[in-house]
Amino acid sequence: MLLLSTIREERERLLEGLAKRNFNDAAATLDRIVALDDERKSSQTALDQLLSEQKALSKDIGDLFKSGKAADANALKAKVADLKEQSSVVEDRFKEVKLELETELLGLPNLAHTSVPFGNTEEDNEVYKELSGTIPDLGEDAKPHWDLSDQYGIFDLKLGVKLTGAGFPVFTGQGARLQRALINFFLDEASNAGYTEYVPPLMVNEDSARGTGQLPDKEGQMYYVTEDDLYLIPTAEVPLTNIYRDVILKEEDFPIKMCGYTPCFRREAGSYGADVKGLNRVHQFDKIEIVQVEHPDKSYDTLMDMCNHIEGLLQKLELPYRILRLCAGDLGFASALTFDFEVYSAAQKRWLEVSSVSNFETFQTNRLKLRYRNEEGKTTLAHTLNGSALALPRIIAALLENNQTSDGITIPDVLRRYTGFDKIK
RNA sequence: GGAGGAGUGGCAGAGCGGUUGAAUGCACUAGUCUUGAAAACUAGCAUACUUUACGGUAUCGGGGGUUCGAAUCCCUCCUCCUCCGCCA
């Protein structure tokens, strides 16, 4: 959520930013927001005035009763009743305006960082770092990971359909073991980089879903447990970031570094075709997420640190990868700057997104009421950042495909102490 | 799931219809004293919105209600504790 002060004071910058994001009717929306805020202020002032009078009179009534002047007291009562009627009208309008204002504000995306390239689709994303690592020469009979899975018994999608439905893979044998190895590897790497490990709940309440920006709007992406009004988390970002909802930090608390492994649940409504084949897109998958809460002055340095961490993981796994800087049109609603990490799948001959790292600046913290006290003792919004480090399914897909040999699938060195085997056969 | 008890400032803990945004203690910050520290003393110490300012309003788990007036009474939801039931 953008700040009202920004909307009032930096209108031109905002209009440019919204245009970059192809936001329609930006000027009219901003005008409407300012008008609503003006009305909110004036109705609040009016309401406060009426309430103040009521309070003063109530005090008088008490005094009059005590001194036995019941008749005078009753006369004042009538006056208060009249004021109360007036104030309830003003209050209704006040609440209405506040709600409208909030709805308008929630509809505005975050302002893109100046470095974000112009563009509308993923075609316009900037290649921030070209291919790094080597694409293996697999020859003509290279198999995609779903065929390899059938051959070696790594995961079973049909069994998932029987148990649950499409998009819920069942990992088996060495495949399950590989999964567990990756989780432990990623968690160890995050811990070594100073992130505190959490095991958060896999379901969150509405306040949490709102805090990180899943609600309103994206409820269609989350599984919802109606009986208890809970959402299955689409990413560990939600519970981890919400740990600091309604918190006022001290400056010396920065940076706050958290990591967590969780399954993630996404409905992925509307997906189809080659995109969803095999492990490319599933409803339940495992991911290790890193989250930081940072001082506004340092958040962009921190973003680069997080990128370096993720890059290190891909290098250790010996996977060919590249880094994209998302263009304005592809940028998430809440993000100011996002880097996507993609690994190259030699058998599918395409790039697979395995991580997304973003700085949200104050967009989330404004909703979360996550602040710190600055040198002057004023409460100020902190910045939040997060990134996948990493999401498993496409890493597994890439490992299977890129490391296939005639006598099995080679496990990268760093993983062998976790898997306990060096080949899937 | 059933019965009972409880939720007050960073913490502990009063207040249980009328100058209570809230006693007191601890913690914290600044000052005095001291070579320095401790102790003692003095002062300050919730958040948000609003006002040029003085100030005003809201918030005592959340929401709603009764009343001229609610932290205090009523309803409802949430959370915690105790006991019972069920259970990995």
Side-chain angles (χ1 to χ4, degrees), chain A residues 1-9 33-106 199-211 215 224-231 239 242-253 256 263 362 364-382:
Chain A
M1 197 156 69
L2 293 173
L3 278 68
L4 269 165
S5 55
T6 314
I7 293 170
R8 284 182 172 277
E9 289 154 27
I33 286 172
V34 171
L36 281 168
D37 191 41
D38 285 341
E39 189 180 353
R40 189 202 106 246
K41 283 186 189 177
S42 62
S43 58
Q44 175 164 359
T45 312
L47 177 62
D48 286 357
Q49 175 65 30
L50 288 166
L51 290 176
S52 173
E53 283 176 45
Q54 284 174 44
K55 279 177 79 162
L57 288 176
S58 292
K59 210 168 277 179
D60 293 345
I61 290 170
D63 292 341
L64 287 171
F65 271 122
K66 272 186 212 160
S67 53
K69 297 174 182 162
D72 293 349
N74 283 320
L76 279 187
K77 271 195 195 182
K79 206 169 166 187
V80 174
D82 185 49
L83 282 171
K84 217 175 163 181
E85 216 165 288
Q86 290 180 46
S87 66
S88 81
V89 174
V90 177
E91 189 177 4
D92 286 349
R93 180 60 191 154
F94 173 63
K95 285 182 175 169
E96 204 176 289
V97 170
K98 247 175 92 167
L99 195 72
E100 273 178 54
L101 178 61
E102 188 170 306
T103 307
E104 291 281 0
L105 283 172
L106 286 172
V199 182
L202 304 183
M203 291 192 246
V204 293
N205 58 30
E206 203 180 310
D207 285 345
S208 295
R210 192 188 316 275
L215 291 180
Y224 179 54
V225 182
T226 53
E227 185 77 9
D228 297 288
D229 290 327
L230 296 173
Y231 297 87
N242 272 281
I243 289 171
Y244 286 92
R245 169 153 50 85
D246 290 320
V247 169
I248 299 176
L249 297 163
K250 302 189 194 77
E251 281 205 55
E252 56 265 35
D253 293 333
I256 289 165
T362 60
Q364 290 184 329
T365 54
N366 190 24
R367 295 179 174 211
L368 291 160
K369 296 196 174 58
L370 165 44
R371 292 157 295 174
Y372 70 98
R373 218 172 279 285
N374 66 17
E375 312 85 25
E376 295 118 46
K378 256 190 81 179
T379 54
T380 313
L381 293 172

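Throughout, protein chains are lettered first and strands after them, A, B, ... in sequence-line order, and every chain is numbered starting at 1.
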Quiz item: Touch check for A:Leu57, heavy atoms < 4.0 angstrom, all strands: base, sugar-phosphate only, or nothing?
Solution: nothing
Practice problem: Using distance alone, with no hydrogens and no angle criterion, decide if A:Asn205 and A:Ser208 have a side-chain donor and acceptor under 3.5 Å apart. | Solution: yes
Self-check item: A:Lys59 vs A:Thr45, nearer the 5' end of RNA chain B by closest nucleotide
Solution: A:Lys59
Exercise. Using the P atom on both, measure B:rC41 against B:rG25 and round to a whole Å.
Key: 10 Å
Quiz item: Counting only side-chain N and O atoms of A:Arg40, is one of them less than 4.0 Å from OP1 or OP2 of B:rU57?
Solution: no
Quiz item: If you look at every strand shown and take non-hydrogen atoms under 4.0 Å, does A:Lys55 touch a base, only sugar-phosphate, or nothing?
Solution: sugar-phosphate
Practice problem: Considering just the side-chain nitrogens and oxygens of A:Arg371, establish if one lies under 4.0 Å of OP1 or OP2 belonging to B:rU47. | Solution: no
Exercise. Using the C1' atom on both, measure B:rA46 against B:rC28 and round to a whole Å.
Key: 13 Å
Atom pairs, protein N/O to nucleotides 85-88 of chain B N/O, distance under 3.5 Å:
none

Write down the protein N/O and nucleotide N/O pairs, taken from nucleotides 62-67 of chain B, whose separation is under 3.5 Å; answer none if there are no such pairs.
none

Quiz item: Quick one: A:Gln49 CD to B:rC54 C1', roughly how many Å, whole number?
Solution: 14 Å
Heteroatom pairs (N/O) under 3.5 angstrom, protein to nucleotides 70-78 of chain B:
none

Exercise. Could you walk me through whether A:Arg93 and A:Glu39 pass the salt bridge (charged side-chain N to carboxylate O under 4.0 Å, His left out) test, one step at a time?
Key: CA-CA 9 Å; A:Arg93 180 60 191 154; A:Glu39 189 180 353; 2.7 Å; yes
Quiz item: Do A:Asp38 and A:Arg8 sit within salt-bridge range, that is, some charged N less than 4.0 Å from a carboxylate O?
Solution: yes
Exercise. Take atom C1' in B:rG9 and the same atom in B:rC83, then report the distance between them in whole Å.
Key: 33 Å
Quiz item: Within this structure, what is the CG-to-C1' distance between A:Leu51 and B:rA58, rounded to whole angstrom?
Solution: 9 Å
